[in-house]
Amino acid sequence: MLQGLFLRRVLRPLAAASLVFLLAACGSSAAPQLGVPTTPAEPTPPVISKPQVPVAEDHAGTIANYTLISPVDGAEIPITVFEPIEMKKGGQYPLVLFSHGWGGTRSTARDFFTNNINERGMYCITFDQRGFGASTGMVRTMDPDYEGQDMIAILDWAETLPGLARFPDGRMKLGSVGGSYGGMYQFALAGSDPEHRLRVIAPDVAPFDINEALYPGKVWKGGWGAQLIAGLVPPLGKGDPVTVQAFSNGQNNNTLSESEQNYFAYHSLRYFCDGKQPGPQSFAIGTADTFKVPPGPLPPIDALVIQGFRDSLFNINHAVDSYDCLKKLGGQVMLFTHQSGHIFSQASITNVPGLEDGIDPAFAVVTPPNSGDVAGNHQCGTVNSGDVTWAYFEEKLLGKTGAIAKASKAGSDICISLRQGDAIAVKAMKIGGTSFEIDGSTPQFNGAVSTVTGTIGEAVREQLLATQIFTTMPAGGGIIAGIPTMDITLSPMAGAPASGDPILFLGIGWRKAGQQRFDLLDDQLTPVRGFGQHKGRMVGIAERLGEGDELALLVYGSHLQYPQNNSRDLMTPALNIGGTVALPLLDATEITKEKESL
């Protein structure tokens with residue numbers, strides 16, 4: 001039945017469009033004569049605020065698979081339609097989209113997500129993004145010209161789902177959920193659809209700007225890049241030549257061409273928020289974007305933006321930028337954080353519980369390699385992100401007033417997860433704060449020789465100023481939560497050429513009172529490349545600090561998160577660093593709720 005509805009949905013508008021074209025061509029040869037009344041315009045059709053196709057009879061919800069054909073290139077896009085658990089004659093049911101992460105496939109049987117959606121009386125459609133799962137076509141990394149058009153076709157097809165609920169203005173009641181690549185599709189669809197049907201979204205750990213995510217500070221994120229490339233080759237995926245070329249260039253050469261950066265810029269939420277079209281693209285192999293979709297403006301969107309503070313692929317800065325962009329549009333936008341996400345813990349001593357504390361004295365003489373700590377949970381304090389997500393859909397799509405407030409103890413404020421089981425709420429994410437001077441009296445190692453400062457103990461690192469202690473917490477401790485800022489200058493040593501290519505990785509370290517080691521706060525690094533001034537944001541962090549705890553600037557010339565992405569400039573073994581770093585240390589007036597209320 002649904003396939004027949006699809007034919008009526010697609011073929012009839014095509015026939016009508018052809019008729020309009022022919023009529024316009026026939027009437028274009030002569031202008032209306034003076035004094036001759038023109039044919040009045042047809043009245044605007046009434047808004048249809050009820051299902052186009054009613055539910056004919058009571059029945060248990062079904063699960064059915066279909067294959068749609070992309071209007072772009074004929075690629076096959078498989079979808080699975082999950083009806084609500086119970087379908088009632090004449091009932092009305094919203095629709096929630098759910099799609100997979102990078103290298104994944106769609107759900108074809110009820111699972112945590114689809115079951116929660118169906119049990120609440122909503123349709124769910126899952127689908128394989130092009131190049132992944134059972135789809136054909138190739139991965140373009142959420143290209144509005146490709147993936148965007150595929151998803152618009154899914155919505156067109158879904159318009160005639162039996163009992164599909166609608167808002168008073170006639171738009172389908174539509175929401176979306178998913179994480180990582182499954183969060184990116186929500187931004188791409190919201191921006192690409194000319195009808196702007198998607199206005200209730202719940203993206204988790206999704207980037208605001210793909211360039212800033214993969215190529216921060218003009219340094220390719222090689223640790224994650226190696227894993228993402230695996231998703232572009234069978235059996236996980238089928239990458240488009242342009243996508244494969246860009247990832248390979250970053251991985252092998254630690255750079256992205258201007259065309260590759262313009263390619264990723266068009267595929268990012270920033271494109272729709274900033275309203276600026278990227279520069280041109282030119283590729284020896286593969287197809288450049290045609291910029292089929294103009295840059296913005298987006299309509300008001302209700303958004304639950306979810307993000308892990310310890311995510312080292314798509315860090316908290318992306319969520320803050322997405323939150324700020326969407327909030328300006330006028331919708332109800334919330335920011336909810338947790339302790340998970342993309343966690344790079346493959347080479348981590350924290351994989352063995354208790355080991356790090358057990359060997360703490362040894363950190364005075366040696367620093368064991370550590371790519372990142374193990375993942376935490378998806379809670380902000382005691383509140384689970386899933387509970388807030390379902391409440392968001394219940395209120396926005398099912399009309400259950402007060403559902404969000406009941407589930408989210410932070411209310412409309414930002415919920416900041418400080419650590420597992422500990423959180424605060426704030427009105428706004430703090431950027432910058434208390435300024436600290438960098439001691440530049442000792443040069444920092446660059447490139448291959450920098451592995452020395454990455455493995456020596458804290459006692460020597462402090463002498464070499466690779467660890468620079470900024471402050472010690474007073475009685476009562478403190479809270480650091482927000483986005484640090486930097487205003488630093490990298491300069492060559494006396495007599496050295498200024499044409500080199502230095503790369504440093506900066507982070508904020510935290511040492512508990514009485515311990516030897518500094519932990520890289522939330523495993524977040526800010527790459528800095530090239531001589532000259534570097535002014536802007538570092539990566540956001542959050543932690544509750546105890547009395548006597550210390551905060552420090554950690555300087556690395558190489559790190560396991562960026563394997564093979566340290567400087568390859570053999571003529572610059574060391575360099576000078578100077579300037580300031582501002583840390584978002586909060587006072588009591590900046591906190592609206594403490595952990596006891598969350």
Set of residues satisfying salt bridge (charged side-chain N to carboxylate O under 4.0 Å, His left out) with respect to R110, sequence neighbours excluded: none
For Y562, enumerate each residue passing the side chain to side chain donor-acceptor pair (under 3.5 Å) test, keeping only those at least two apart in sequence or located in another chain. none
Mind running salt bridge (charged side-chain N to carboxylate O under 4.0 Å, His left out) on D145 and K292 for me, showing each step along the way? CA-CA 6 Å; D145 291 355; K292 178 182 178 67; over 6 Å; no
For the student: nearest non-hydrogen atoms of T114 and A109, plus distance: OG1-O, 3.7 Å
Set of side chain to side chain donor-acceptor pair (under 3.5 Å) partners for D143, sequence neighbours left out: R140, H267
Rounding to 0.5 Å, atoms CG (L68) and CZ (F127) come to a distance of 10.5 Å
Could you check whether Y266 and F291 have their ring centres less than 6.0 Å apart? yes
How would you list, by chain and number, every residue that makes a side chain to side chain donor-acceptor pair (under 3.5 Å) with N262, sequence neighbours excluded? none
Please identify each residue that fulfils side chain to side chain contact (heavy atoms under 4.5 Å, CB included) with A188, with sequence neighbours left out. M142, M151
So, for T526 and R537, which heavy atoms are closest and what is the spacing to 0.1 Å? CG2-O, 4.3 Å
Shortest non-hydrogen pair, R130 vs E147, comes out as CG-OE2, 3.5 Å
Holding to ring pair (Phe, Tyr, Trp, His ring centres under 6.0 Å), I want the full list of residues that pass it with H338, two or more places apart in sequence or in another chain. H378
If you look at every heavy atom in F336 and N384, which pair is closest and at what distance? CZ-C, 4.0 Å
